[in-house]
Asker: 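Provided herewith is a single structure, encoded as structure tokens, for subsequent inquiry.
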Amino acid sequence: MQLTLEFGGGLELLCESVKIHKVNVDPPNGTEKFIMKDLLTWVRTNLIKERPEMFMKGDSVRPGVLVLVNDCDWELSGQLDTTLEDKDVVVFISTLHGG
């Protein structure tokens, strides 16, 4: 399954300053669907190069990270249980900025 992942609001700094990633992911063994919880684990293992604690807290994103799946807030679609499909676009934006 191909997904487009976008990082903004400073989160791109955790991924070697690359904002947009086109990635190929597979559902975990024994399952047919790929959910946000699986994606976050994949991102922590494969994309985050430094300070993963700035992106995740436990199994989810840290408070202050806005997550959009196809331009829809993930809180409206099930958060960690949101099912992802081929060609989905997932955006992570930090809402916490210095100033």
Side-chain angles (χ1 to χ4, degrees):
M1 161 184 333
Q2 184 179 38
L3 301 173
T4 300
L5 308 180
E6 299 181 16
F7 296 84
L11 291 177
E12 68 277 5
L13 299 175
L14 305 177
C15 305
E16 299 180 330
S17 296
V18 178
K19 288 189 173 202
I20 299 174
H21 300 262
K22 301 257 186 207
V23 300
N24 289 304
V25 295
D26 295 313
N29 291 337
T31 63
E32 292 183 16
K33 64 182 183 175
F34 194 78
I35 60 173
M36 278 299 298
K37 185 175 182 179
D38 302 325
L39 177 63
L40 291 177
T41 300
W42 189 92
V43 167
R44 179 174 34 203
T45 303
N46 296 285
L47 288 184
I48 302 293
K49 301 300 181 189
E50 58 183 68
R51 302 186 68 186
E53 70 277 4
M54 298 299 291
F55 179 67
M56 293 186 68
K57 183 174 184 178
D59 288 337
S60 190
V61 293
R62 289 192 66 76
V65 175
L66 175 64
V67 182
L68 304 173
V69 179
N70 300 322
D71 295 325
C72 178
D73 190 331
W74 80 325
E75 291 185 5
L76 302 174
S77 61
Q79 294 181 316
L80 290 174
D81 294 323
T82 300
T83 300
L84 298 170
E85 297 179 2
D86 191 40
K87 308 281 192 251
D88 278 352
V89 177
V90 182
V91 179
F92 302 95
I93 303 172
S94 175
T95 60
L96 305 176
H97 301 275

Asker: Using the rule that two of Ile, Leu, Val, Met, Phe, Trp, Tyr join whenever any of their side-chain heavy atoms come within less than 4.5 Å, decide whether V25 and W74 are in one cluster.
Answerer: yes
Asker: Calculate, to the nearest 0.5 Å, the distance between atoms CZ and OG1 belonging to R62 and T95 respectively.
Answerer: 11.5 Å
Asker: Please report the shortest heavy-atom distance between L14 and E50, naming the atom on each side.
Answerer: CD2-O, 3.4 Å
Asker: Between T31 and P28, what is the shortest heavy-atom contact and its length?
Answerer: OG1-O, 2.8 Å
Asker: With a cut-off of 6.0 Å (strictly less than), are more than 12 heavy atoms of other residues, nucleotides or ligands near CE of M56?
Answerer: yes
Asker: Please check if V90 and V43 belong to a single hydrophobic cluster, counting links between Ile, Leu, Val, Met, Phe, Trp and Tyr side chain heavy atoms closer than 4.5 Å.
Answerer: yes
Asker: Determine, using the 4.5 Å side-chain heavy-atom cutoff (strictly less than), whether M1 and L39 are members of one ILVMFWY cluster.
Answerer: yes
Asker: CD of E32: more than 12 outside heavy atoms within 6.0 angstrom?
Answerer: no
Asker: Keeping the roles fixed (side chain from D73, backbone from L68), state whether a donor-acceptor pair exists under 3.5 Å.
Answerer: no
Asker: Tell me the closest heavy-atom pair linking K22 and T4, and the distance in Å.
Answerer: NZ-OG1, 3.3 Å
Asker: Would you say the side chain of L47 lies within less than 4.5 Å of the side chain of W42, judging by non-hydrogen atoms?
Answerer: yes
Asker: Where do P27 and K33 come nearest, in terms of heavy atoms and distance?
Answerer: CB-O, 3.6 Å
Asker: A quick test of your reading: do over 12 heavy atoms of other residues, nucleotides or ligands sit less than 6.0 Å from CG of D86?
Answerer: yes
Asker: Just to verify, which of L40, D38, V67, I35 counts as forming a side chain to side chain contact (heavy atoms under 4.5 Å, CB included) with L80?
Answerer: L40
Asker: Please tell me if the side chains of L84 and M36 come closer than 4.5 Å, counting only heavy atoms from C-beta onward.
Answerer: yes
Asker: Is any side-chain heavy atom of K87 closer than 4.5 Å to one of Q2?
Answerer: yes
Asker: Is there a path from V91 to F34 through hydrophobic residues (I, L, V, M, F, W, Y) whose side chains come within less than 4.5 Å of each other?
Answerer: no
Asker: Using every non-hydrogen atom in the two residues, find where I48 and C15 come nearest and quote the distance to one decimal.
Answerer: CD1-SG, 3.9 Å
Asker: Between F55 and I93, is there shared hydrophobic-cluster membership here, with clusters defined by ILVMFWY side-chain heavy atoms closer than 4.5 Å?
Answerer: no
Asker: For F7 and F92, take the angle between the two ring planes, folded into 0 to 90°, and tell me which bin it lands in: parallel under 30, tilted 30 to 60, perpendicular over 60.
Answerer: parallel
Asker: Give the minimum heavy-atom separation between S94 and G9, together with the two atoms involved.
Answerer: CB-O, 3.4 Å
